[in-house]
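Here is the structure we will look at, set down as C-alpha cells.
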Protein chains: 2
Amino acid sequence: MPDREDKLTRTTVRTITDLARLAGVSPGTVSRALAGKSLVNTQTRQKIEALAREHGFRPNQMASGLRRQKTGVIGVVIPLGHDIRQQISDSFFMTLLGFLADELTTNGYDLMLRRVVPDTDPDWLDRFIGSGMIDGVIVIGQSDQFERIEEVADGYRPMVVWGNHTEGQRHCVVGTDNRLGGRMAAERLIAAGAQRIAFLGDTGPMEFAARFAGAQDVAARMGLPPVLPLVTHLSPDRASEEIAAHLAQHGRELDGIFAATDTLAALCLTELRAQGLAVPGDVRVVGFDDLPIARQTVPALTTVRQDIAAGAHGLVDLLLRRLAGESTESLVLPPELVLRETA
Amino acid sequence: MPDREDKLTRTTVRTITDLARLAGVSPGTVSRALAGKSLVNTQTRQKIEALAREHGFRPNQMASGLRRQKTGVIGVVIPLGHDIRQQISDSFFMTLLGFLADELTTNGYDLMLRRVVPDTDPDWLDRFIGSGMIDGVIVIGQSDQFERIEEVADGYRPMVVWGNHTEGQRHCVVGTDNRLGGRMAAERLIAAGAQRIAFLGDTGPMEFAARFAGAQDVAARMGLPPVLPLVTHLSPDRASEEIAAHLAQHGRELDGIFAATDTLAALCLTELRAQGLAVPGDVRVVGFDDLPIARQTVPALTTVRQDIAAGAHGLVDLLLRRLAGESTESLVLPPELVLRETA
DNA sequence: AGGAATCTTGCAATCGTTTGCAAAAGACTC
DNA sequence: GAGTCTTTTGCAAACGATTGCAAGATTCCT
C-alpha cells in the first residue's frame with residue numbers, strides 16, 4: 001500500500017498540492033515557500049525547495065495568473081496594413097522584435113506575438129487586450145490604425161506603440177524623429193550635389209509621410225522644386241518592378257533619391273545600375289534605417305540610422321513604468337546620418 | 001450614434017457572470033452559448049451573443065485555459081548557443097518566425113516567443129513546457145542542445161524542432177536536407193571551375209556541419225583536395241574581420257567558397273572585392289538560404305535555397321497532428337540550387 | 001389527459017494557485 | 001508560570017470559465 005502510493009506520488013507531482021502532501025505541509029505553505037516569502041520557516045522552505053527541484057515541479061502559470069490577475073506576459077502585436085506581405089519578413093520590424101524579446105526576458109516577462117489584419121478584424125486590439133492573457137501590449141507600427149489606437153489608449157494604460165509621434169496624440173509612442181530624419185536625408189543629398197529629389201516609397205503610413213515631409217521642408221527652404229513622390233509597395237518582389245518603372249519614366253530628370261527604407265534603397269541601386277545610371281555620379285541615394293544591408297550594397301549606402309536597440313529598450317521601459325502606474329511621455333529618438341558612398 | 005452610447009455603457013461586463021446577470025440566465029448557459037454548443041436555445045443564444053457584442057465581452061483565456069487544460073498557445077523557443085548575438089537579427093530565423101506566426105494564427109493558435117540561453121539555464125526546455133502556458137512547443141534550431149531535446153522528446157509529445165535530421169533520432173524535426181544542399185553547392189562550384197574549395201562558417205552546429213559534410217562528399221568523390229573549413233562567427237560585426245583574416249591568409253590559394261549562410265556570403269563578397277579578388281573570375285561563391293539579400297549582392301549570389309514557408313507550414317502541420325495524438329515522422333525538405341552570378 | 005421523450009437550463013464541483021485571517025507554536029518578559 | 005509578542009502554519013475563499021448531472025420546461029404521443 002505505501003509502496004504503491006509512493007510510486008504514484010513520485011511520478012505525478014504536478015500540482016502544488018501533490019508537493020504539499022510529499023512535504024507534509026499544506027498547499028498554502030508550499031506556495032509561500034516557492035514564492036520566496038519571508039513568512040516561511042527556513043528549514044521548511046529548504047525542504048520544499050529540495051523536493052520541488054527533485055521532482056522538477058513548476059507551478060502552473062495559468063492558475064497563478066488567474067488568481068493573481070497578472071500573467072507575466074506582454075503582448076506584441078503587428079498590425080498588417082494595406083501591404084500585407086510587407087512586414088512578413090521586414091528586417092526592421094523583425095530586428096526590433098528580437099531586441100524586444102531580449103528586453104522583456106531580462107525583465108522577467110514572456111512575449112506573446114500576434115500578427116493581425118485590421119481590415120478583416122476591426123476588433124484586433126480590444127480582442128488582444130481583453131483576452132486576459134497579457135499584462136500589457138506593445139504595438140509595432142501604427143499602420144493605418146492611428147484612430148483605433150487612440151481610442152483604446154483612453155481606456156487602457158499599459159500600452160506603448162512603436163511609430164510616429166504626432167502633436168497632441170494620446171497614446172504613448174516610441175519612435176525616431178522621422179521628419180528630422182527626412183530633413184537630414186534631403187540635406188545630405190543636396191550637399192552631395194542633388195537638386196531634383198525624389199522620395200521612393202509609400203507616403204501613406206505616418207512614419208513614411210513624416211520622412212517625406214521632412215525632405216519637403218528642406219527642398220522648400222532651399223528653393224528647390226518639390227520632392228517627387230515615387231510610390232511603391234514595400235515587399236521586394238513588387239517593389240522591384242515598380243522602381244524600374246519609376247526610374248524608366250523619371251530617372252533622367254532626377255539627381256537625388258531618398259528611399260523610405262534601406263530595403264527600397266538597395267533595390268533602387270540595383271535598378272539604377274541596370275538602367276545605366278551612376279551612383280553617386282548621376283544620382284545620389286540616401287536610405288533609412290541603417291540595416292545590415294546598408295553596409296553591403298555597392299556602392300555602400302548612405303543612410304539615416306534608427307537606433308533599434310534603444311527603441312526596444314524604450315518601449316519596454318515605458319511599458320513597465322506604465323504597468324507600475326506611472327503616466328509617461330512619448331519618447332522620440334534622434335536619427336543619425338551615416339555617411340557612406342551613395343551620397 | 002448608438003455606437004458612442006454603447007461605448008459609454010460598457011461599464012462592468014468583465015466576467016461571464018456579469019453577462020449572465022444581464023441576460024437573466026446562469027453563467028453556465030452563457031458559457032455554452034458563447035462556445036456555440038447546440039444545447040442552447042437559439043433565441044437565448046442570440047440574446048447572449050448580442051449582449052456580448054454590445055458590451056465587448058471576451059471570456060478570460062486564463063480561466064478558460066485552466067479549466068479546459070489547454071491554452072490555445074504554442075510556444076516557440078529559440079535556443080541561443082555559443083554565439084549569442086547570432087540569432088538576434090538572423091534573417092533566416094526571423095523570417096521563419098514570421099511565417100510561423102501566420103501559420104499558427106491561421107490555425108487559431110497564439111504564439112509565445114521565448115529566447116533562451118541554455119548555458120546559463122540548463123532547464124530551459126522543461127521549464128517552458130512545464131509552465132502550463134503552452135499546448136505545444138516548436139524549437140527553432142537545435143543549437144548545441146541535441147541531447148537535451150532528445151531526452152525531452154521521450155516524455156513529451158507535442159514538440160517539433162527545426163533543424164537537421166540525423167539517422168535514428170527520437171525527436172520530430174523539420175528541416176532542409178543540409179547534406180544534399182552542401183553537395184549541390186560544391187558541385188556547382190566545381191562546375192563553375194573551382195578546384196580548391198573552402199567552407200566559410202562555424203562547423204559546430206549540426207546544420208552547418210551537415211552542409212560542410214556534403215561539400216566534403218563531393219570533393220572526395222571528385223578526387224579534389226579536402227574542403228578547407230574557415231571558421232567564423234555569424235554576427236556580421238565579428239564575421240567581417242574574421243573573413244578578412246581568412247582571406248588574407250588563404251585567399252590566393254582558393255578558387256571556390258561555400259558559405260554557410262547568405263549573410264556570410266554577402267560579407268565575403270565585400271571582403272573579396274576589398275582584397276582585389278574577382279568573383280566569379282578568381283573565386284566562385286555559393287551561399288545558403290536564398291534570403292532576399294542574395295538577389296542584391298554584386299554580383300548576385302548563387303545560393304542553395306531553403307523553402308522557409310514550406311518549413312513553417314510543415315512545423316505547424318506536424319505539431320497539430322501530434323497535438324491530435326498522431327505520431328509523426330520527421331520532414332526533410334529538398335534544397336534547391338538558385339543560379340545567379342557568383343558561381 | 002397522462003406519461004414518455006426531448007430540449008433547455010441551473011447547480012455546483014473543478015482546474016491549480018494565492019492570500020486574508022486566525023489558530024497554533026514558540027520565544028520572551030516580569 | 002501567566003501573559004504578551006512573534007513566527008509559522010493551516011483553512012478556506014477567491015480568480016473566471018467549463019461541464020456532468022439532474023431538474024424544469026416543452027413537445028409529442030396514444
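These numbers were taken from a predicted model, which means no experiment stands behind them. Below, chain A is the first sequence line, B the second, and so on; all start at residue 1.
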Next item on the list: For B:Val25, report the nucleic acid contact type (base, sugar-phosphate, nothing); a contact means any heavy atom under 4.0 Å.
Entry: sugar-phosphate
Check: Considering only heavy atoms from C-beta outward, does the side chain of A:Arg114 approach that of A:Ile78 to under 4.5 Å?
Finding: no
Check: For B:Arg68 and B:Arg32, take the nucleotide of DNA chain C holding the closest heavy atom to each; which residue's nucleotide lies nearer the 5' end?
Finding: B:Arg32
Margin query: Whether B:Thr29 contacts C:dT9 is assessed here as follows: a side-chain N or O lying under 4.0 Å from the phosphate OP1 or OP2. Is that the case?
Written below: no
Checklist line | Donor-acceptor pair between B:Trp124 and B:Gln145 side chains, under 3.5 angstrom | finding: yes
Notebook entry, point to check: Taking only residues two or more places apart in sequence or in another chain, which ones pass side-chain contact (heavy atoms from CB on, under 4.5 Å) with A:Asn60?
Noted result: A:Met62, A:Ala63
Checklist line | Spacing of A:Leu19 atom CG relative to C:dG16 atom C1', expressed in whole Å | finding: 13 Å
Notebook entry, point to check: Salt bridge check: are A:Asp126 and A:Arg148 linked by an N-O gap of less than 4.0 Å?
Noted result: yes
Table of protein N/O atoms under 3.5 Å from nucleotides 23-26 of chain C N/O atoms:
none

Note to self: Applying salt bridge (charged side-chain N to carboxylate O under 4.0 Å, His left out), can you list everything that pairs with B:Glu329, at least two apart in sequence or on another chain?
What the structure shows: none
Checklist line | Boundaries of the chain A footprint along DNA chain D (any atom under 4.0 Å from a heavy atom) | finding: D:dT8 to D:dG16
Next item on the list: Using atom CD1 of A:Ile16 as one end and atom P of C:dT14 as the other, report the distance to the nearest whole Å.
Entry: 19 Å
Checklist line | Neighbours of DNA chain C within residues 59-67 of chain B, by heavy-atom distance under 4.0 Å | finding: B:Leu66, B:Arg67
Item checked: Sequence-distant partners of B:Ala312, side-chain contact (heavy atoms from CB on, under 4.5 Å), two or more places apart -> B:Leu96, B:Phe99, B:Leu100, B:Glu103
Notebook entry, point to check: Mapping B:Arg45 and A:Ser31 onto DNA chain C by nearest heavy atom, which one lands closer to the 5' end?
Noted result: B:Arg45
Check: Are any of the side-chain heavy atoms of A:Trp162 and A:Ile138 separated by less than 4.5 Å?
Finding: no
Note to self: Holding to side-chain contact (heavy atoms from CB on, under 4.5 Å), I want the full list of residues that pass it with A:Ser31, two or more places apart in sequence or in another chain.
What the structure shows: A:Ile16
Margin query: If you define the side chain from C-beta out and look only at heavy atoms, does anything of B:Val174 sit under 4.5 Å from B:Val161?
Written below: no
Item checked: For A:Glu326, all residues meeting salt bridge (charged side-chain N to carboxylate O under 4.0 Å, His left out), sequence neighbours excluded -> A:Arg321
Checklist line | Which residues share a salt bridge (charged side-chain N to carboxylate O under 4.0 Å, His left out) with A:Asp135, sequence neighbours left out | finding: none
Next item on the list: Take the C1' atoms of the five end pairs on each side of the helix from C:dA1-D:dT30 to C:dC30-D:dG1, derive the two axes, and give their angle rounded to 10 degrees.
Entry: 50°
Next item on the list: Please state how far atom CD in B:Gln43 lies from atom P in C:dT8, giving the value in whole angstrom units.
Entry: 10 Å
Next item on the list: Kindly write out the residues that satisfy salt bridge (charged side-chain N to carboxylate O under 4.0 Å, His left out) with B:Arg68, not counting sequence neighbours, or none if the list is empty.
Entry: none
Notebook entry, point to check: A:Asp18 CG to C:dC15 P: how many Å, rounded?
Noted result: 11 Å
Next item on the list: Under the ring pair (Phe, Tyr, Trp, His ring centres under 6.0 Å) rule, collect the residues that match up with B:His171, sequence neighbours excluded.
Entry: B:Phe146
